[in-house]
S.K.: 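This structure is in structure tokens; I'll ask about it shortly.
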Protein chains: 2
Amino acid sequence: MTSTGARPTTPTLDEVAVLAGVSRATVSRVINDSPRVSPSARDAVQAAVAQLRYVPNRMARSLVTRRTDTIALVLSETNTQIFSDPFFARIVRGVTAALADTDLTVVLLAARDGREQEKAGRYVRQGHVDGVILMSMHHDDVLPAVLADASVPLVLFGRPLDGGTFSYVDADNTGGAAMAARHLVEQGRRRIGTVTGPQDMNAGIDRFAGFRTALADAGLPLPAERCAKGDFTEAGGARATARLLEQAPDLDAVFVASDPMAVGALRVLAESGRRVPDDVAVVGFDDAPVAAESDPPLTTVAQPLTEMTQELTDLLRRQIEGSREVETRICDTHLVRRASA
Amino acid sequence: MTSTGARPTTPTLDEVAVLAGVSRATVSRVINDSPRVSPSARDAVQAAVAQLRYVPNRMARSLVTRRTDTIALVLSETNTQIFSDPFFARIVRGVTAALADTDLTVVLLAARDGREQEKAGRYVRQGHVDGVILMSMHHDDVLPAVLADASVPLVLFGRPLDGGTFSYVDADNTGGAAMAARHLVEQGRRRIGTVTGPQDMNAGIDRFAGFRTALADAGLPLPAERCAKGDFTEAGGARATARLLEQAPDLDAVFVASDPMAVGALRVLAESGRRVPDDVAVVGFDDAPVAAESDPPLTTVAQPLTEMTQELTDLLRRQIEGSREVETRICDTHLVRRASA
DNA sequence: AGACGACGTGGAAACGCTCCCACAGTCTGC
DNA sequence: GCAGACTGTGGGAGCGTTTCCACGTCGTCT
């Protein structure tokens, strides 16, 4: 079983050339689908490639072309829990799907603490990738600046808080939250509260702002005791809702800034003996898979994730092609009506 | 805002050498911490590096060293849902943590369909990484063979089904399931059923086998109507449990092959009016975070995930160093007793 | 029939780095 | 005081590609 022999050396372009009886340059042309090759030469090369099971050496190729055909999807998030958030999974799926037809490969980089962020930054700066999609939600994250500084094409998922000059794609969080608020008002609710997201995340801030503004526009008050801060997790949503019910037991509706939190809210509401939507209406945000399966199914604000990931990759690819334009895309949300409101 | 000017060209070793007044070779030595450099030269080089903000070009370096200092963690799994399974997140965390002190960077590759698996395979074969940790659970996955064929160091998470000669690390699924069965027997349970995992996954097969054997050893029968097949998800666990209760309403205990499924089982049991553990005892598997928060908290079989990821990286690093030994590690599980059994 | 593109091809120069080797200078032990 | 080792340094080859350029060899147009 034991052996420390050298691993088999992979064939090079030269060896293929010799076997095919042509020059290295011609083999290269065949590999790269150049039209300027005779059919006979092409056949000979392809046969030789197949026989030797030749695979081009990426490093050598990248060294001269200065392209890697790889992009990084960097998840900069200290909360390890969020990494298993279905929302992230959907983004990853969307991005890889959007690039399925291209020859770009997506690699994921998880940067959960300072050291990992540093590693990710170095990885990018060393030229491993042609571009970066960065998901960084927190205010104090330095990675956006570090990567921008690496002068590598960069697109953010989510509006950056500090308003730096980054290209980014985001959902219309403000508008979506306002839509949720108006929906509740139209249902005749008057004592409407909210479970917010973290207020150091743009999504948390914007959803709260949109909600508050819409409520004010409708002439409804939003006293502090009808607001509780959550952390986008189910457990956090449950805790926040419990607090809310204690502070404002007469609540007749609640806007919960994410679906996982809303699921927690539904549980706590049920445990408190309240019926949803009869006693308390609930609107969530995200249209996560779980929203359709909750009891009752959740009315929620949907983000057009497919469109967003498509925009993300479009923007990035345009930058890779050479554009230095700073572009932003705010994608419209829409209300998905189910049973909870 | 618009401009399509060329991105700033990154400095090379030569430019650093000129600025520092030394040769390229000396700069290289400083970069690579060679001891054979005089303090004065070292200082001059470091100053020049800082001034030019020089970062070595990975491609050029890798081309000659044949190392990339990168390993890939490949998730080969068609079930997109599993990608957001907390279990995966824990593995990712464990692996990156185990490599935190090294200069190895981990990149994640998600291979969810044939095309993505092909991309991942190509990525690896082209020499982007020094080694691969592969999570591939399904019987019909071709990626293990493809990657092994790429003659790149490879370690599997989870025992491969076809018994190929791969290095791998796995939990003692058989032993853990047997432990769960014995625990239920010791509690005086006699009509014990199970919700299994998918039977085309090694974890599903082994847990079922260990459970069945232990039950037989205890002289207890396991009729077919006390077995229901799940898919490792909460919803699947709920469905399987509902089936189980229909087929065998007199069940007094159930071993559920994963914690998410067990959570689904608890819900269905509660809905059917059964008390846990009074009427039906439940043991799960994985010791997922959710196990501690369920109602009642779940007794479950824990895998030593930290130890496993550590072994995984140790094995891989040894292979990268040149070992061609095929090594396997089966890590012991232990029972975490909570309230459900 | 002669000139002239177009076409297919090979030689050779990069790309940015590491590392072997040679070389001068300094230090040690006699 | 001199052979020998040791130390720091620079020159240069080479890693496996792509791509520019020059060079025949045709077919086509006047």
Side-chain angles (χ1 to χ4, degrees), chain A residues 6-46 48-49 52-70 103 122 125-128 130, chain B residues 6-46 48-49 52-70 103 122 125-128 130 150-151:
Chain A
R7 293 181 183 276
T9 158
T10 56
T12 73
L13 211 52
D14 275 297
E15 300 173 41
V16 176
V18 169
L19 182 59
V22 298
S23 74
R24 202 168 56 231
T26 298
V27 177
S28 178
R29 286 184 198 105
V30 174
I31 301 294
N32 295 293
D33 283 324
S34 160
R36 298 247 178 289
V37 183
S38 67
S40 63
R42 184 177 303 275
D43 291 346
V45 169
Q46 280 166 346
V49 165
L52 295 176
R53 315 192 47 214
Y54 168 75
V55 178
N57 179 316
R58 253 346 268 223
M59 302 305 150
R61 191 208 287 256
S62 293
L63 183 56
V64 35
T65 62
R66 338 228 63 172
R67 314 187 65 221
T68 64
D69 290 333
T70 304
D103 52 1
R122 196 171 21 180
R125 301 197 60 185
Q126 284 174 337
H128 280 279
D130 294 340
Chain B
R7 292 179 185 278
T9 158
T10 55
T12 72
L13 255 197
D14 277 293
E15 299 173 41
V16 176
V18 170
L19 182 59
V22 297
S23 74
R24 201 171 58 235
T26 299
V27 178
S28 178
R29 280 188 276 263
V30 173
I31 301 293
N32 295 294
D33 283 324
S34 161
R36 298 245 179 292
V37 183
S38 67
S40 64
R42 184 177 303 274
D43 291 346
V45 169
Q46 280 166 348
V49 165
L52 294 176
R53 315 190 47 213
Y54 169 75
V55 178
N57 179 318
R58 250 349 262 230
M59 301 305 149
R61 192 207 287 256
S62 294
L63 184 56
V64 35
T65 61
R66 337 230 64 170
R67 314 189 67 222
T68 63
D69 289 333
T70 304
D103 52 1
R122 198 172 19 183
R125 300 198 59 184
Q126 285 174 337
H128 280 280
D130 293 340
S151 75

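Since we're looking at a predicted model, the values are computed, not measured. Proteins get letters first, then strands, A, B, ... in listed order; numbering begins at 1 in each.
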S.K.: From the 5' end of DNA chain D to its 3' end, which nucleotides mark the outer limits of contact with chain B, defined by a 4.0 Å heavy-atom distance cut-off (strictly under)?
M.R.: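 The contact span of chain B on DNA chain D goes from D/dT7 to D/dG16.
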S.K.: What contact category does A/R61 fall into here, base, sugar-phosphate, or nothing, at under 4.0 angstrom with non-hydrogen atoms?
M.R.: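 Here A/R61 touches the backbone only, sparing every base.
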S.K.: Output yes when at least one side-chain N/O atom of A/R36 is less than 4.0 Å from OP1 or OP2 of C/dA6, else no.
M.R.: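 Negative; the distance criterion is not met.
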S.K.: Once rounded to the nearest 0.5 Å, what's the spacing between atom CZ of B/R61 and atom CG of A/L63?
M.R.: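 That separation rounds to 13.0 Å.
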S.K.: For the pair made of CG in B/D14 and C1' in C/dC17, what is the distance, rounded to whole Å?
M.R.: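 The distance from CG of B/D14 to C1' of C/dC17 comes to 9 Å, rounded to the nearest Å.
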S.K.: Got a second to check how far B/H128's NE2 is from B/R122's CZ, nearest 0.5 Å?
M.R.: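 Here the interatomic distance stands at 9.5 Å.
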S.K.: Kindly state which residues belonging to residues 15-30 of chain A come within less than 4.0 angstrom of DNA chain C, counting heavy atoms of the residue only, listed by number.
M.R.: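 Within this stretch, A/V22, A/S23, A/R24, A/A25, A/T26, A/R29 sit under 4.0 Å of the strand.
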S.K.: For the atom pair OG1 (A/T10) and CZ (A/R53), what is the distance rounded to the nearest 0.5 Å?
M.R.: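 The OG1 atom of A/T10 sits 11.5 Å away from the CZ atom of A/R53.
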S.K.: Indicate whether OP1 or OP2 belonging to C/dT18 is found under 4.0 Å from a side-chain N or O atom of B/N32.
M.R.: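 True: B/N32 side-chain N/O within range (under 4.0 Å) of C/dT18 OP1/OP2.
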S.K.: Just the rounded figure in Å: distance from C1' of C/dT18 to CG of B/D69.
M.R.: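 Spelled out: CG on B/D69 to C1' on C/dT18 is 14 Å.
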S.K.: Distance check needed: C/dT18 P versus B/M59 CE, whole Å only.
M.R.: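 Nearest whole value for this atom pair: 14 Å.
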S.K.: What is the distance from atom OG1 of A/T68 to atom CE of A/M59, rounded to the nearest 0.5 Å?
M.R.: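 Reported to 0.5 Å precision, the distance equals 9.0 Å.
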S.K.: Just so I know, are the side chains of A/D43 and A/Q46 near enough to count as touching, which here means a heavy-atom distance under 4.5 Å?
M.R.: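 Yes. Closest side-chain heavy atoms under 4.5 Å.
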S.K.: Within this structure, what is the CG-CG distance for the pair B/L13 and B/L52, rounded to the nearest 0.5 Å?
M.R.: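 It comes to 11.0 Å.
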S.K.: I need the minimum non-hydrogen distance between B/R24 and B/A17, along with the two atoms involved.
M.R.: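 So the minimum-distance heavy-atom pair works out to N-CB, 3.7 Å.
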S.K.: Figure out the CZ/P separation between B/R66 and C/dC17, and round it to whole Å.
M.R.: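 In whole Å, C/dC17 P and B/R66 CZ are 17 Å from each other.
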S.K.: For the pair made of CG in A/D43 and P in C/dG8, what is the distance, rounded to whole Å?
M.R.: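 For the pair A/D43 CG and C/dG8 P, the rounded distance is 13 Å.
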S.K.: Out of curiosity, A/R58 CZ to A/R67 CZ, how far, rounded to the nearest 0.5 Å?
M.R.: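 Between A/R58 CZ and A/R67 CZ, I get 8.5 Å after rounding to 0.5 Å.
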S.K.: Any side-chain heavy atom of B/N57 sitting closer than 4.5 Å to one from B/T12?
M.R.: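 No. Closest side-chain heavy atoms not under 4.5 Å.
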